Amino acid sequence: MTEQLIPTRRAFPADDPIFALNAEAQRRKAAGDAILNATVGALLDEAGQLVVLDTVMDLWRGLGAMEVAPYAPIAGDPAFLKALVQRHWPRLDGPGAACATPGGSGALSLSLRNFLEPGQTLLTTAPYWGPYATMAAENGMGLATAPWPAAGQVLDAAAWERTLRALMKAQGRVMVWLNDPCHNPSGRSLSAADRAALLGLLRSLAGQGPVTLLLDLAYLDYTREPEAVAEALRDYAALGAQGRVLVGASMSLSKSMTLYGARGGALAFPWCADAAVQAALTQSCRGTWSNCARAPQALLLRLAQDGKAQARLAAEHRHWSEVLAARALALDAALVAEGMEALHWQGGFFVTAPAADPEAACEGLKAHGVFTVPLPQGLRVGLCGLRADEAPRFARALRQVASR
């Protein structure tokens, strides 16, 4: 091993676990195996090809040289930041304290550097998107969890309160990453009552020290319940406007625009006008990636100025939301037919199937040519890549593995 590599950087896996599983599935498929690959984190069509939204690609092809080549401002084009925030909260007249980031992951990482100290602990849900732990570790921080409601269950407010109060007592501040609505990886959103309970806990906790709520809004455009999504955003806006809790959002163009490779996104605190927060975000940008790509920012600005393109894009989002809903219904029906519980998807790209021993179940499914991602709470299943007609095969394999 290269001796120049410091000791604490010598024990990592060769690849991200999710990407490694996908690569294994792809190798077996190329070798002729009949593979059902539910590890994919991007939207695929019925032929297994990457979905690229036509409206977005038309806008992309129309970009001029000066919308692509020059540096963007370090914190991002202010008009882009405003347009991106207004996609989520149309009534706001500006982005607040905000900066452009390389996708949602950049926004999440940047929040760690500015709202927690090294050695402190971030709070999120269980289950959660695995790279949350990687981001926390890369910033010298821990990650604690509180339970996400199971299907048909209510939020365990007592568990959330215990965890929140313990973190505040231990470190004098709390930051929560909340992937709601359209939670990854459960596919379910908080109910209005559960959301009210959680926001009440955060408001109460803010009397003891600084509380930051960062919403991870990666999947909002893909839902069977658009009105419920809009209601959730209104509730979070009301909390942010009160000012007791600092409410921000990690926003990404990856899923919403199928621009995964463009790495466009932003971190915004729309109800915060503190110049110190803006300066801190700008400094972090300069010290990490400096400037983000201009092209995705320019594309979003073109979209914001083109009502017809917005209508076409909304229609595409509705279509693919219906495809995801059909896949979710087919999976639920197949699971029930095999004597298992339905998963009750509401939005996003994933659901989580229960498993007593997720790692063992994942390995067992591989013998059936079925690939999933193991989590501590179960198996992440990518509806974004699992066709409806594959659901019975998946359910049969899961039942066989679970009954061992």
Side-chain angles (χ1 to χ4, degrees), residues 40-68 72 76-77 79-93 95 100 103-104 181-182 189 217-234 249-266 268 292-329 345-349 382-385 387-388:
V40 179
L43 185 58
L44 306 183
D45 64 17
E46 299 306 286
Q49 299 301 307
L50 183 70
V51 171
V52 180
L53 298 173
D54 292 337
T55 304
V56 175
M57 285 299 100
D58 288 345
L59 292 168
W60 185 272
R61 284 187 287 268
L63 295 177
M66 292 301 103
E67 294 174 288
V68 175
D77 185 331
F80 158 76
L81 295 169
K82 177 180 177 180
L84 187 53
V85 166
Q86 288 180 333
R87 287 196 78 239
H88 301 80
W89 293 284
R91 295 182 180 180
L92 292 180
D93 59 5
C182 305
S189 303
L217 302 180
Y219 296 96
L220 302 190
D221 293 289
Y222 304 95
T223 176
R224 64 156 53 116
E225 301 174 350
E227 287 304 318
V229 168
E231 179 184 2
L233 292 178
R234 288 193 293 269
S250 161
M251 297 172 290
S252 173
L253 303 188
S254 296
K255 276 73 176 182
S256 62
M257 304 289 170
T258 60
L259 285 175
Y260 310 96
R263 306 311 300 138
C292 285
R294 180 178 284 275
Q297 299 180 49
L299 182 144
L300 188 72
L301 286 174
R302 285 200 172 212
L303 177 66
Q305 297 159 8
D306 187 338
K308 290 183 179 179
Q310 292 172 39
R312 290 197 304 270
L313 181 61
E316 290 191 86
H317 283 146
R318 283 194 301 273
H319 167 73
W320 290 107
S321 293
E322 290 167 358
V323 170
L324 288 163
R327 292 174 180 179
L329 288 171
W345 175 90
Q346 292 171 279
F349 281 6
L383 292 176
C384 51
R387 298 193 314 271

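All of these numbers come straight from a predicted model, not from anything done at the bench.
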Could you tell me which non-hydrogen atom of [X] sits nearest to which non-hydrogen atom of [Y], and how far apart they are?
X      : Y      : result
Glu67  : Arg294 : O-CG, 3.3 Å
Leu220 : Cys182 : CA-SG, 4.2 Å
Val323 : Glu46  : CG1-OE2, 4.0 Å
Ser254 : Ser252 : N-OG, 3.0 Å
Ser256 : Leu53  : O-CD1, 3.4 Å
Gly76  : Leu81  : O-CD1, 4.3 Å

Please enumerate all residues that pass side-chain contact (heavy atoms from CB on, under 4.5 Å) together with Ala79, with sequence neighbours excluded.
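Counting only residues at least two positions away or on another chain, Ala79 forms a side-chain contact (heavy atoms from CB on, under 4.5 Å) with Asp77, Leu301.
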With sequence neighbours left out, what residues match Leu50 under side-chain contact (heavy atoms from CB on, under 4.5 Å)?
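Partners of Leu50 by the side-chain contact (heavy atoms from CB on, under 4.5 Å) criterion, ordered by chain and then number, come out as Ala42, Leu44, Val52, Tyr260.
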Please check: side-chain N/O of [X] versus main-chain N/O of [Y], any donor-acceptor pairing under 3.5 Å?
X      : Y      : result
Gln346 : Arg224 : no
Tyr222 : Lys255 : yes
Glu316 : Thr55  : yes

For the atom pair [atom1] ([X]) and [atom2] ([Y]), what is the distance rounded to the nearest 0.5 Å?
X      : Y      : atom1 : atom2 : value
Glu231 : Leu233 : CD    : CG    : 10.0 Å
Cys292 : Phe80  : SG    : CZ    : 8.0 Å
Gln86  : Asp93  : CD    : CG    : 8.0 Å
Leu313 : Thr258 : CG    : OG1   : 8.5 Å
Leu253 : Gln297 : CG    : CD    : 9.0 Å
His317 : Leu324 : NE2   : CG    : 11.0 Å

Pairwise side-chain contact, Arg302 with Leu63, heavy-atom cut-off 4.5 Å (strictly under)
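With C-beta onward as the side chain, the pair touches.
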Any chance you could lay out the side chain to side chain contact (heavy atoms under 4.5 Å, CB included) test for Asp221 and Arg87, step after step, and finish with the verdict?
CA-CA 10 Å; Asp221 293 289; Arg87 287 196 78 239; 3.4 Å; yes
With sequence neighbours left out, write down each residue that passes side-chain hydrogen bond (donor to acceptor under 3.5 Å, both in side chains) with Ser321, or none if nothing qualifies.
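So Ser321 forms no side-chain hydrogen bond (donor to acceptor under 3.5 Å, both in side chains) with any residue.
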Side chain to side chain contact (heavy atoms under 4.5 Å, CB included) assessment of Leu329 paired with Trp345:
CA-CA 8 Å; Leu329 288 171; Trp345 175 90; over 6 Å; no
Stepwise side chain to side chain contact (heavy atoms under 4.5 Å, CB included) test for Leu299 and Leu259
CA-CA 11 Å; Leu299 182 144; Leu259 285 175; 4.2 Å; yes
With side chain to side chain contact (heavy atoms under 4.5 Å, CB included) as the test, would you mind laying out the steps for Met257 and Leu59 before giving the verdict?
CA-CA 11 Å; Met257 304 289 170; Leu59 292 168; over 6 Å; no
